[in-house]
Amino acid sequence: MSPTLTRRRTVAAAALSAALLAGLTACGGDDKSAASDTGSAAPSASAAPQANLTVLAASSLTDVFKTAGEAYQKSHPGTKVTFSFAGSQELAAQVKQGAPADALVTADTKTMDGLKAETGEAKIIAKNRLVIAAGKGNPFKIDDLKDLADTKVKVVLAAPEVPVGRYSKQILDAQKVEVKPVSQEPNVRAVLSKVELGEADAGLVYKTDSAKSGDKVVTVEIPDDQNAVASYPAATLKQSKNAEAAAAFVAWLSTPEAQKILQDAGFQQP
């Protein structure tokens with residue numbers, strides 16, 4: 001082969017290699033561009049922080065917490081809040097038994113104080129007061145606590161181990177009013193239900209619960225100097241598997257948004 005032909009083939013091969021290398025470099029540039037575009041795109045919904053929270057809450061919070069839960073989920077996409085409502089003493093038993101939950105809100109500080117080993121630091125988020133819920137039309141003309149001592153009046157109270165039952169005993173004893181209840185119920189909603197259904201003539205309940213009954217009961221106010229103030233502390237549970245999300249929810253309960261929901265429902269500021 002002549003030196004001239006060999007030289008031509010060498011030049012051609014070099015040119016072909018250069019062309020192939022340029023093509024590969026261009027393809028590499030496209031891949032980087034695509035990766036860059038992907039990186040600048042908004043994260044997918046699956047990348048949003050998510051948590052399924054279970055909150056144990058006192059029965060008297062049933063209605064307001066349903067509203068609060070919806071508001072929280074709306075402002076915290078990816079977080080779902082499920083409530084389990086019961087008397088505070090029942091909730092305490094569930095916590096001690098290791099029920100899977102993330103936060104707790106009771107209707108008194110005494111119950112919460114008894115769970116310090118199982119909870120984070122508690123903070124009061126709302127307050128409440130008691131009223132007399134009299135049957136529809138208030139046929140016995142109940143006007144104050146002393147009227148509950150009339151043996152003709154069927155009175156229902158919450159059990160003394162329940163916060164509202166303890167508050168009831170406190171105010172009745174302070175006024176030296178002796179009441180023999182026809183039944184003692186496990187939570188405030190059960191007391192109210194008895195009066196609504198006509199199974200009792202009157203009962204002591206929280207003001208917020210009586211307000212939800214409409215014309216099913218007549219609400220009789222109790223003067224402040226004869227009343228008791230119920231405090232609602234909220235805390236995270238140490239057994240929670242969603243500690244950060246649980247803490248965020250408990251903190252939110254003290255925000256202006258949550259406080260407005262509570263106060264619109266009749267609860268008082270903490």
How long is the gap from [atom1] on [X] to [atom2] on [Y], to the nearest 0.5 Å?
| X | Y | atom1 | atom2 | value |
| --- | --- | --- | --- | --- |
| Tyr206 | Ser60 | OH | OG | 5.0 Å |
| Ile124 | Leu253 | CD1 | CG | 13.0 Å |
| Gln170 | Leu130 | CD | CG | 9.0 Å |
| Phe65 | Ile261 | CZ | CD1 | 10.0 Å |
| Leu172 | Gln175 | CG | CD | 8.5 Å |
| Lys127 | Gln268 | NZ | CD | 8.0 Å |

### Task
Show your working on ring-ring contact (aromatic ring centres under 6.0 Å, His included) between Phe267 and Tyr232 and close with a plain yes or no.
CA-CA 10 Å; Phe267 288 86; Tyr232 291 74; 5.5 Å; yes
### Task
Any chance you could lay out the side chain to side chain contact (heavy atoms under 4.5 Å, CB included) test for Asp209 and Ser213, step after step, and finish with the verdict?
CA-CA 7 Å; Asp209 289 291; Ser213 291; over 6 Å; no
Using modelled atom types and a 3.5 Å cut-off, is there a donor and acceptor pairing between side-chain atoms of [X] and backbone atoms of [Y]?
| X | Y | answer |
| --- | --- | --- |
| Ser168 | Val164 | yes |
| Asp201 | Lys154 | yes |
| Asn242 | Ala245 | no |
| Gln89 | Pro186 | yes |
| Thr111 | Asp108 | no |
| Gln259 | Ile125 | yes |
| Asn227 | Ile222 | yes |
| Asp147 | Asp143 | yes |
| Asp63 | Lys66 | no |
| Gln73 | Val81 | yes |

Shortest non-hydrogen contact between [X] and [Y], atoms and distance:
| X | Y | value |
| --- | --- | --- |
| Val153 | Ala202 | CG1-CB, 4.4 Å |
| Ser183 | Val156 | OG-CG2, 3.0 Å |
| Ala71 | Glu257 | CB-OE2, 3.8 Å |
| Lys96 | Gly114 | NZ-O, 3.5 Å |
| Ala133 | Val205 | CB-CG2, 3.9 Å |
| Val218 | Gly135 | CG2-O, 3.9 Å |

### Message
Hydrophobic cluster membership, with links at side-chain heavy-atom distances under 4.5 Å among I/L/V/M/F/W/Y: are Val250 and Val55 in one?
### Response
no
Is the shortest heavy-atom distance from the side chain of [X] to the side chain of [Y] under 4.5 Å?
| X | Y | answer |
| --- | --- | --- |
| Leu148 | Ile142 | yes |
| Thr236 | Ser240 | no |
| Asp224 | Arg129 | yes |
| Val220 | Val131 | no |
| Glu161 | Arg166 | no |
| Lys169 | Leu204 | no |
| Glu199 | Lys194 | yes |
| Ser88 | Val162 | no |

### Task
Evaluate side chain to side chain contact (heavy atoms under 4.5 Å, CB included) for Gln94 paired with Ser84, printing each intermediate quantity in order.
CA-CA 11 Å; Gln94 291 175 30; Ser84 178; 4.3 Å; yes
### Pair Asn128-Thr208, side-chain donor/acceptor within less than 3.5 Å
yes
### Query
For residues Thr54 and Thr82, is any side-chain donor paired with an opposing acceptor at under 3.5 Å?
no
### Message
Does the plane of the ring in Trp252 sit parallel, tilted or perpendicular to the ring in His76? Use 30° and 60° as the thresholds.
### Response
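Geometry flag for His76 against Trp252: perpendicular rings.
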### Message
If you apply the rule side chain to side chain contact (heavy atoms under 4.5 Å, CB included), what do you find for Thr62 with Arg189, and how did you get there?
### Response
CA-CA 9 Å; Thr62 299; Arg189 301 304 286 252; 3.4 Å; yes
### Message
Any carboxylate oxygen within less than 4.0 angstrom of a Lys/Arg side-chain nitrogen, looking at Lys238 and Asp102?
### Response
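No salt bridge links Lys238 with Asp102.
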### Message
Any salt bridge linking Lys207 with Glu221? Criterion: basic side-chain nitrogen under 4.0 Å from a carboxylate oxygen.
### Response
yes
### Message
Running the 4.5 Å side-chain criterion over Ile, Leu, Val, Met, Phe, Trp and Tyr, what cluster does Met112 land in, apart from itself?
### Response
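For the cluster that includes Met112, the remaining residues are Leu56, Leu91, Val95, Leu104, Leu115, Leu237.
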